[in-house]
Amino acid sequence: MRLENRAFVVVLALLISLASARADDLVIEDYQPVGAKKPATAPATQAHDNSAPTSRPAHDGPLPAEGHKLLARLAQPDLTPEERQTLVGQVLAYGQAGAKALQAKCQAQWQIKSKAYRILFYQEAQKLGRSKLAEIDKAQAKTWQDAVNAPRREKKVTKEVLHDQAGPALEKLMEALVVRREEVLAVEAVAQRRRELEVLEETLDRCRLAAEATDKQAPEQAGGEDEGDGPSPPAVENGAGQGELERTEEVLALMGTAMKASDRRLTDANYEARRFLSHEEFAGLLYLNVVRAILDLNVMRIDGKLCLAARDHSKDMVEKKFFSHSSPVTGKASPWDRARRAGTSANGECIAAGTGRGAGAIRMWFFSPGHHVIILGGSGRVSLGGVGATWTLMTGG
């Protein structure tokens, strides 16, 4: 990101000393990301009765032709919410057969629509990010950047400077430039697509309830008596991933923050790292890289091998009840040993305990002088590994 025509490049080449990253520097509390607001409530959808039909024919085999006709009618795009709910109820009246057929149809639609929704959400987030960058007062933004970067350049990083100067300046930058999930959800096209996904989620919930009700009524339908512990139909689970969508939206909104082209490409490439990281690990690293981007520092590449080393150290600290850069585990004595075992290298390490959030750990390190220098230094690679409320961050050249 360039806030002026002249280049604003901070070249920081520091030899990281573990002695400066002491555990007693840490403020142990659960920080929220700077300037974060509570996520907006998801757009409301049409209310309906979620209860399973009280009367249904027994259908242990495949869905009959009449049921498939109802499914075909459900695919029509011009249905009103009331018509859709009525058709769903009619399909579910076929018991397990109807619930399973409807669930499969909704799952297929979810896969297609959720992918298109994520693409749209990210596109709109980037538009908002560019708009925020265009609207910000460039001189004011540079003043805030300097307030965060100057102590590190001048080697005057103290707790007082971080809390009184750097922290407030970063919060103002975040407030002005970072895209929030609720801002993207306020875009009408996004809100409309979101409602479509919510309808699918609700229908999948109804499928699950219908399957459970059918399962309970199975003994009566079989002959009116309890015939023992015979096999029962499998429950239909909601595979739409409720909760996961909200987490994805938060990530994509943060990724929408305006940054220079090279950082954008690396941020997009880093998104693939979600495969081998927990949500909080990835969210913490993304938060750190967004902070670096708005400070005009380079975005760091997520090193998968280094993430394994970081997570393994956090695991050892939890299981063996120690909190130190020096490990009692054979072959893992130092950060360099741990990185080498994972097939990579490291030049710095931060540890923290007391928060369950990846971004919370980053915030703790931001306000700790020794750790502050590491997370905002000139490294090109980064990792984060958390186990419960214990975290390890490692950097590499």
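Just so you know, these numbers come straight off a predicted model, no measurement behind them.
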With side chain to side chain donor-acceptor pair (under 3.5 Å) as the criterion, how do S314 and T392 come out once you've worked through the C-alpha distance, each side chain's angles and the decisive distance to 0.1 Å?
CA-CA 6 Å; S314 294; T392 301; 2.9 Å; yes

Check the pair M255, L252 against side-chain contact (heavy atoms from CB on, under 4.5 Å), reporting the backbone distance first and the verdict last.
CA-CA 5 Å; M255 287 177 63; L252 293 176; 4.2 Å; yes

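Remark: R274 qualifies as a cation-pi partner of F282 under the 6.0 Å distance and 45° angle criteria applied to the six-membered ring.
Across every non-hydrogen atom of N298 and G377, the tightest pair is OD1-O, 4.5 Å. Scanning all heavy atoms of the two residues, the minimum distance from G385 to A310 falls at N-CB, 3.7 Å. Here the shortest heavy-atom pairing between K132 and V178 reads CE-O, 3.5 Å. Closest heavy-atom contact between S345 and R381: OG-NH2, 3.0 Å.
A salt bridge is defined here as a Lys NZ or Arg NE, NH1 or NH2 lying under 4.0 Å from an Asp or Glu carboxylate O, and E319 with K315 meets this definition. A salt bridge does not link E349 with K332: every distance from a Lys NZ or Arg NE/NH1/NH2 to an Asp or Glu carboxylate oxygen is 4.0 Å or more. Between E246 and R194 there is a salt bridge, since a side-chain N of the basic residue sits under 4.0 Å from a carboxylate O of the acidic one. The pair R181-E249 counts as a salt bridge, with a side-chain nitrogen and a carboxylate oxygen less than 4.0 angstrom apart. Salt bridge status for R208 with D205: present, with a side-chain N to carboxylate O gap under 4.0 Å. Salt bridge present: E175 and R180 bring a charged side-chain N and a carboxylate O closer than 4.0 Å. A salt bridge links R340 with D337: the distance from a Lys NZ or Arg NE/NH1/NH2 to an Asp or Glu carboxylate oxygen falls below 4.0 Å.
The aromatic rings of F367 and H163 sit parallel, their planes meeting at an angle under 30°, below the 60° perpendicular limit. Using a 30° and 60° split on the angle between ring planes, H371 and W365 fall in the parallel class, below 30°.
Side-chain contact annotation: T395 with N347, donor-acceptor N/O pair under 3.5 Å present.
Interatomic distance, L63 CG to L102 CG, rounded to the nearest 0.5 Å: 9.5 Å.
In this structure, K305 places its NZ atom where only 12 or fewer heavy-atom neighbours from other residues, nucleotides or ligands lie under 6.0 Å away.
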